[in-house]
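Written out below as structure tokens is the structure these notes cover.
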Amino acid sequence: MKAFRSLAALAIFAALATLGLASCAWAPIPGTPCAAPDEACWRTALEAHPVRRAAFWQDALARAPADRVGSAPPELVEYMLWDNLQHGYPERPRAAVLEPEFLADVRAAMADLPASVRNLFDKSLLGIYMLEDLGGTGFTDAGRDPSANRPLGGFIVLDAAVLRQRTANQWATWKENTPFRPSPDWQLRARIEEGAQDSRRNAIQYILLHELGHVLSIGRDVHPPFYQDTKDLPPGARFPFFEQSWRLDREREKELVLPAQDFPQRASVSYYFGAKLDAADMAPTYANLAKTNFPSLYAATRGGDDFAEAFASYVHVVLMKRPWEITISRGGETVTTFRACWDEPRCAGKRALLERILQRAD
């Protein structure tokens, strides 16, 4: 079983890994099913967990999508704890105590999306739930319907403590700087909102759009399913969005970028375990990215995030008429600006597919 853990803030784990001490982050917890960092044991336990079953989500699906938002229930907190133990993450998730103002921001972030977008998730979004100490900003996974042997839909888990901290532009700037080692000579600023729109609510909205992109992929053929092993895919399976930038190596169970969409810095782009690129690499990285069909640098890291980033950017820029740009400066002087690609030929194929998906929701 796989899931998407997005925009992770795993500095502690990264430091441990660098020192070769990551295994020290794992410690047995009474009442959990596996007494050691045993991949097979945790995989079996997570697959059998109630959160992975249709019955757990029936009450949520009976409510309107706007009411599937709140603090994570105990079963979901336990599921996330087990997932962290499986991967050796040091964080120990706990239920979030949500202030009314914060909960109102999350609900408004969802309610303010265009109707054509909200309609996509009436039956596929199992809920948006907050906890703390997740080990990342967001997490998306699929609930299963074993009787029908298919995914029921997707649920999103967000770390409320992380989301409380930044406005939209502050969050986007922090995120887009993480692949690069800091330097006083180079600056990277991201702008996804203007003026009074630069708020915490709109930071939450953009993060939600990315996670909703993962939910949207469930049951669709846009890319290889994140909840299914490569070896279990039908021999002739095709993935129209994915195949514009990637190919699937079934023998090695890996996804490989197409040569035409690759660039020298791409293999060193890391948003998770510490920066691998120097600040001086910012300008050439974005210059090379502009020659590809990736809508963002994060999209170039793997196929599932390529689709989620494209969905978030398209909805934000094209449907909601909001800004999206990265400005790179040296010594206070602008060196280059990278903007959304939806009016450029390089992203025309991905835009056409997104438009077809959204038109089906109208």
Side-chain angles (χ1 to χ4, degrees), residues 1-54 56-57 72-96 126-127 129-144 146 151-159 161-162 211 214-215 217-218 224-232 252-255 270-274 301-305 308:
M1 182 275 297
K2 304 173 188 174
F4 275 98
R5 186 181 295 265
S6 299
L7 310 178
L10 298 172
I12 296 174
F13 183 78
L16 290 168
T18 300
L19 296 171
L21 300 174
S23 61
C24 297
W26 199 97
I29 295 179
T32 56
C34 303
D38 182 332
E39 174 70 22
C41 177
W42 285 111
R43 182 184 179 93
T44 300
L46 286 163
E47 287 286 359
H49 196 279
V51 166
R52 300 280 289 170
R53 297 294 178 260
F56 180 80
W57 301 105
E75 296 90 342
L76 191 52
V77 175
E78 179 183 73
Y79 182 82
M80 295 309 307
L81 170 64
W82 290 9
D83 186 85
N84 278 16
L85 290 170
Q86 177 194 27
H87 292 95
Y89 297 154
E91 290 81 5
R92 299 295 176 254
R94 61 186 181 275
L126 302 177
Y129 301 99
M130 266 65 66
L131 46 69
E132 295 185 1
D133 211 15
L134 170 64
T137 304
F139 175 98
T140 299
D141 204 350
R144 301 288 293 177
L152 179 69
F155 60 90
I156 296 170
V157 179
L158 301 175
D159 191 319
V162 174
E211 300 301 330
H214 291 315
V215 174
S217 74
I218 296 173
F226 64 84
Y227 47 85
Q228 188 174 358
D229 290 337
T230 302
K231 61 182 175 59
D232 297 327
R252 292 188 292 169
E253 297 193 357
K254 292 180 65 175
E255 54 185 40
S270 172
Y271 281 82
Y272 287 93
F273 296 106
T301 59
R302 57 177 174 169
D305 282 316

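Throughout, numbering of the chain's residues begins at 1 and tracks the sequence.
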Quick check: do [X] and [Y] have side-chain heavy atoms less than 4.5 Å from each other?
{"X": "Leu76", "Y": "Phe155", "answer": "yes"}
{"X": "Leu152", "Y": "Trp57", "answer": "yes"}
{"X": "Val157", "Y": "Met80", "answer": "yes"}
{"X": "Ile156", "Y": "Phe139", "answer": "no"}
{"X": "His214", "Y": "Asp305", "answer": "yes"}
{"X": "Phe56", "Y": "Leu126", "answer": "no"}
{"X": "Thr137", "Y": "Asp159", "answer": "no"}

Seminar exercise, completed: Of all heavy-atom pairs linking Ala95 and Ala72, the shortest is CB-O, 4.1 Å
Seminar exercise, completed: Leu158 and Gly138 have their tightest heavy-atom pair at CD2-CA, 4.0 Å
For this session: Could you please spell out the steps behind the salt bridge (charged side-chain N to carboxylate O under 4.0 Å, His left out) verdict for Arg52 and Glu47?
Result: CA-CA 6 Å; Arg52 300 280 289 170; Glu47 287 286 359; 3.3 Å; yes
For this session: List the steps and the verdict of side chain to side chain contact (heavy atoms under 4.5 Å, CB included) for Leu46 and Gln86.
Result: CA-CA 9 Å; Leu46 286 163; Gln86 177 194 27; 3.2 Å; yes
For this session: For His49 and Glu75, test the side chains for any donor-to-acceptor distance below 3.5 angstrom and give the result as yes or no.
Result: no
Problem set entry | Flag for Tyr79-Asp141: side-chain donor and acceptor within less than 3.5 Å | yes
For this session: Would you please name every residue forming a side-chain contact (heavy atoms from CB on, under 4.5 Å) with Pro33, sequence neighbours left out?
Result: Trp42, Ala45, Trp82
Exercise. Taking NZ, NE, NH1 and NH2 as the nitrogens, is one of them in Arg92 or Asp83 under 4.0 Å from a carboxylate oxygen of the other?
Worked result: no
Exercise. Does Asp38 use its side chain to pair, donor to acceptor, with the backbone of Ala40 at less than 3.5 Å?
Worked result: yes
Exercise. Is the side chain of Asn84 donor-acceptor paired with the backbone N or O of Leu134 at a distance under 3.5 Å, no angle test?
Worked result: yes
Seminar exercise, completed: Rounded to the nearest 0.5 angstrom, the CD-OG1 distance for Glu78 and Thr32 is 9.0 Å
Exercise. Roughly how far, to the nearest 0.5 Å, is the CZ atom of Arg43 from the SG atom of Cys34?
Worked result: 13.0 Å
For this session: Not counting sequence neighbours, which residues clear side-chain hydrogen bond (donor to acceptor under 3.5 Å, both in side chains) with Glu255? List them please.
Result: none
